[in-house]
There are 2 protein chains.
Amino acid sequence: MTPLFYKDQERFYVSVDCLILGFKNDKLYLLITKRKFEPLKGQDSLMGGFIRPDESLSETVTRVVYEYTGIQDVFMEQVGAYGEVGRDIGERVISLAYYALIDIQSFDEQLCKVHNARWQELETVGELIFDHKQILQDTIEQLRKKAAAEPIGFNLLPEKFTLPQLQTLYEAIYQTTLDKRNFRKKILEMEILEKQDDKDKSSSKRGAFYYKFNKEKYDQLLKKGYYFSL
Amino acid sequence: MTPLFYKDQERFYVSVDCLILGFKNDKLYLLITKRKFEPLKGQDSLMGGFIRPDESLSETVTRVVYEYTGIQDVFMEQVGAYGEVGRDIGERVISLAYYALIDIQSFDEQLCKVHNARWQELETVGELIFDHKQILQDTIEQLRKKAAAEPIGFNLLPEKFTLPQLQTLYEAIYQTTLDKRNFRKKILEMEILEKQDDKDKSSSKRGAFYYKFNKEKYDQLLKKGYYFSL
DNA sequence: TCAAAAGTGTTCAATTTACACCCATGT
DNA sequence: ACATGGGTGTAAATTGAACACTTTTGA
């Protein structure tokens with residue numbers, strides 16, 4: 001019942017490459033693994049996995065991210081398809097790149113040992129196999145644009161976070177410094193944050209109030225034609 | 001010499017779907033074809049083609065666009081990868097969507113008959129097979145953002161164009177009206193257009209001066225940290 | 001001579017940027 | 001009591017939005 005026309009076509013290996021990003025110590029980190037098989041076994045690589053016949057693309061990403069982080073229900077976005085003929089030196093593989101933003105607190109550190117993985121500060125990532133470095137560049141560029149236009153940064157923070165935390169996150173994303181008063185004014189004016197009663201005292205004596213992102217309020221805002229922008 | 005690990009994996013049909021866009025009569029048009037083979041033979045569809053083993057993704061797009069338009073060296077951009085398990089009802093096909101912007105003047109009208117294709121006004125596109133309508137939505141959204149931030153609109157115009165033409169193009173892209181004086185001020189201040197000595201008299205008695213986009217000037221602008229925005 | 005599209009500047013409003021001091025608290 | 005990071009408002013500058021009339025010329 002498969003149409004004949006399809007049968008005449010070539011088929012290809014298709015993989016996903018996942019850029020798993022976390023935020024700690026005021027910096028963005030990329031999860032990097034040592035490749036487990038030839039060719040280039042042992043070299044630094046993005047997390048990857050081949051697509052299975054019964055999986056959609058995002059299901060494959062979800063599976064790979066879960067495997068490497070133990071986290072489910074992760075925020076992800078597609079970066080693009082990479083299909084130069086010789087990009088994978090083993091066989092021809094077309095790769096679909098996705099980045100995933102995780103709260104690094106809920107990351108299972110054990111899994112680093114299992115997978116020979118490590119968190120590498122984003123700005124200091126060295127050589128990666130194939131075109132993975134290019135994929136990373138494209139991802140950073142896309143993340144910057146997206147983070148400026150939609151409230152996706154919160155995926156990198158715990159449910160409760162402080163405004164200083166949020167600001168250093170955006171400073172890490174944009175690789176710049178931001179004015180404290182302007183930043184706070186802007187984010188608070190949107191009224192998408194809910195101030196909590198308790199404080200984080202881990203980084204100052206005075207303590208900084210916790211906030212939560214309120215997705216419902218954000219959705220209402222969208223309906224009214226307002227847009228997130230930082 | 002192919003690594004064993006790869007051999008264990010499934011392989012997939014991979015196609016590109018091309019959204020070929022043109023501009024005429026103050027409106028954007030999408031090239032639509034009647035599907036040539038089963039399943040859904042005869043229904044409206046984007047231009048597509050299967051990837052060949054010796055082709056990169058953009059080479060496949062270039063080939064498909066050439067086949068349907070007779071145009072080479074076309075501006076294109078990737079929209080994304082579409083890979084839901086059941087998206088193609090014939091077989092599982094992972095599709096990589098690209099849009100291409102062409103100068104509709106240089107389009108070979110003959111090819112419409114050869115391929116059962118037609119230009120459909122973008123805002124009136126009806127049902128399309130599979131997830132092609134979704135792909136179209138995503139494309140329009142991406143095109144709007146891109147056109148606002150980079151000088152890609154010129155790919156939809158002849159080499160020489162007038163400012164009224166350019167303005168109606170942007171009005172078609174954004175689906176809004178723009179203030180003539182503000183528009184002209186903004187685009188001319190960038191100094192990326194070169195005024196010609198001759199006029200287009202086809203749409204008014206007085207005639208409107210032709211301009212050309214100057215890519216060199218634009219690149220210099222980029223180096224100085226200025227950015228295109230319309 | 002008149003209809004139809006091309007061309008041209010200024011004012012006001014909104015947004016963005018720059019900037020400095022007091023507060024709370026643990027040591 | 002003091003050091004450390006948290007928290008707050010205003011003024012200036014820039015950018016974006018609104019707006020109306022003159023010019024050219026073919027029919």
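Convention: sequence-line order gives letters A, B, ...; per-chain numbering from 1.
- Proximity of A:Arg184 to the phosphate of D:dT8: a side-chain N or O atom is located under 4.0 Å from OP1 or OP2.
- When the P atom of C:dT17 is taken as reference, atom CD of A:Glu189 falls 13 Å away, rounded to whole Å.
- For a distance-only test at 3.5 Å, the side chain of B:Arg206 qualifies as a donor-acceptor partner of the base of C:dA6.
- Defining each end axis of the helix from C:dT1-D:dA27 to C:dT27-D:dA1 as the rotation carrying four pairs' C1' atoms onto the next four, with five pairs an end, the two axes are found to diverge by 0° to 10 degrees.
- No salt bridge links B:Lys224 with B:Asp219; every basic N to acidic carboxylate O contact stays at or beyond 4.0 Å.
- In this structure, the NZ atom of A:Lys199 is 10 Å from the P atom of D:dG6, given to the nearest Å.
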Steps toward salt bridge (Lys or Arg N to Asp or Glu O under 4.0 Å) verdict (B:Arg63, B:Glu59): CA-CA 6 Å; B:Arg63 170 169 61 80; B:Glu59 281 165 355; over 6 Å; no
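- Note on B:Ser203: only backbone sugar-phosphate atoms sit closer than 4.0 angstrom, heavy atoms only; bases stay farther off.
- Partner of A:Phe161 under the ring pair (Phe, Tyr, Trp, His ring centres under 6.0 Å) criterion, out of A:Phe23, A:Phe213, A:Tyr210, A:Phe154: A:Phe154 alone.
- Nucleotide D:dT8 holds its P atom 15 Å from the CD1 atom of A:Ile187, rounded to whole Å.
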Test log, rule side-chain hydrogen bond (donor to acceptor under 3.5 Å, both in side chains), inputs A:Thr33 and A:Asn116: CA-CA 6 Å; A:Thr33 188; A:Asn116 246 318; over 6 Å; no
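- Put simply, A:Lys180 has no side-chain N or O that comes within less than 4.0 Å of OP1 or OP2 on D:dG6.
- Taking the nucleotide of DNA chain C with the nearest heavy atom to each of B:Thr162 and B:Asn182, the more 5' of the two is matched to B:Thr162.
- Heavy atoms of A:Lys185 sit under 4.0 angstrom from at least one base atom.
- Between A:Tyr170 and A:Phe183, the ring planes are tilted. Angles from 30° to 60° get that label.
- Between the base of D:dT24 and the side chain of B:Lys201 there is no donor-acceptor pair shorter than 3.5 Å.
- Going from atom CG of A:Asp179 over to atom C1' of D:dG7 covers 13 Å, rounded to whole Å.
- Between A:Arg35 and A:Asp44, none of the side-chain N atoms (NZ, or NE/NH1/NH2) sits under 4.0 Å from a carboxylate O, so this pair counts as no salt bridge.
- Counting atom types as modelled, B:Arg181 pairs no side-chain N or O with a base atom of D:dA17 as donor and acceptor under 3.5 Å.
- Between the NZ atom of B:Lys205 and the P atom of C:dA3 there is a distance of 10 Å, rounded to whole Å.
- For the pair B:Gln167 CD and C:dT8 C1', the computed distance is 14 Å after rounding to whole Å.
- Ring orientation note: the planes of B:Trp119 and B:Phe107 are nearly perpendicular, at an angle over 60° on the 30°/60° scale.
- Atom NZ of A:Lys195 is separated from atom P of D:dG7 by 7 Å (rounded to the nearest Å).
- When the P atom of C:dA5 is taken as reference, atom CG of B:Asp26 falls 11 Å away, rounded to whole Å.
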